[in-house]
Amino acid sequence: MLFLSYYQVNEDATVKDRFAAASKLGNSGLFPPANVKVLRWDMTPDWWGILLMEAEDPADVARALDIWRVAYDGFFKVTKTCPAMPIAESMPYMAKLLEDWDSV
């Protein structure tokens, strides 16, 4: 199952402190968790971005974000995560939904 996370990095933390936490986390092997595959990880110049992950268990996805919070309390200003699907897969689903609705 795909999960899409939108995040904003907390700009109240210093770049130096965020970088130190990210470096330590990167060297720890804790991110991504064993059952999470990172498909995309993008960031903008304004310190917000998206993380597209594949996992079977939402708890593993929560762990992927929570380990950043453990590495640096307040690392994120905002996160929003939910299941996702490619547009190409959603079109047949929506067409069937409209067809079903029209028959009511």
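Fair warning: this is a prediction, and the values are worked out from it, not measured in the lab.
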Practice item. Report whether Val36 and Met85 are members of the same hydrophobic cluster (ILVMFWY, side-chain heavy atoms less than 4.5 Å apart, transitive linking). Key: no
Review point. Excluding sequence neighbours, so at least two apart, what forms side chain to side chain contact (heavy atoms under 4.5 Å, CB included) with Ile87?
Key: Ser90, Met91
**Study point:** Min side-chain heavy-atom separation Tyr6-Val78 under 4.5 Å
**Key:** yes
Point to revise | Selection residues 19-28 - residue pairs positive for side-chain hydrogen bond (donor to acceptor under 3.5 Å, both in side chains), sequence neighbours left out | key: none
Got a list of side-chain donor-acceptor pairs under 3.5 Å for residues 42-53, not counting sequence neighbours?
from	atom 1	to	atom 2	distance (Å)
Asp42	OD1	Arg40	NH2	3.4
Asp42	OD2	Arg40	NE	2.7
Asp42	OD2	Arg40	NH2	2.9
Thr44	OG1	Asp46	N	3.3
Thr44	OG1	Trp48	N	3.4
Thr44	OG1	Trp48	O	3.0
Thr44	OG1	Trp48	NE1	3.3

Exercise for review: If a pair satisfies salt bridge (charged side-chain N to carboxylate O under 4.0 Å, His left out) and one of its residues is in residues 72-94, list it, with sequence neighbours excluded.
Suggested key: none
Review point. Which pairs with one or both residues in residues 80-104 pass ring pair (Phe, Tyr, Trp, His ring centres under 6.0 Å), sequence neighbours excluded?
Key: none
Point to revise | Joint hydrophobic cluster, Phe31 plus Phe19, side-chain heavy atoms closer than 4.5 Å | key: no
Exercise for review: Determine the minimum heavy-atom distance between Glu11 and Arg18, stating which atoms define it.
Suggested key: CA-NH1, 3.5 Å
Check your understanding: Going only through I, L, V, M, F, W and Y residues with side-chain contacts under 4.5 Å, is there a path from Leu25 to Trp41?
Key -> yes
Would you tabulate the side-chain donor-acceptor contacts of residues 56-72 under 3.5 Å, counting partners in other chains and residues two or more places apart, or write 'none'?
from	atom 1	to	atom 2	distance (Å)
Asp57	OD1	Ala59	N	2.9
Asp66	OD1	Arg69	NH1	2.7
Arg69	NH2	Thr79	OG1	2.7

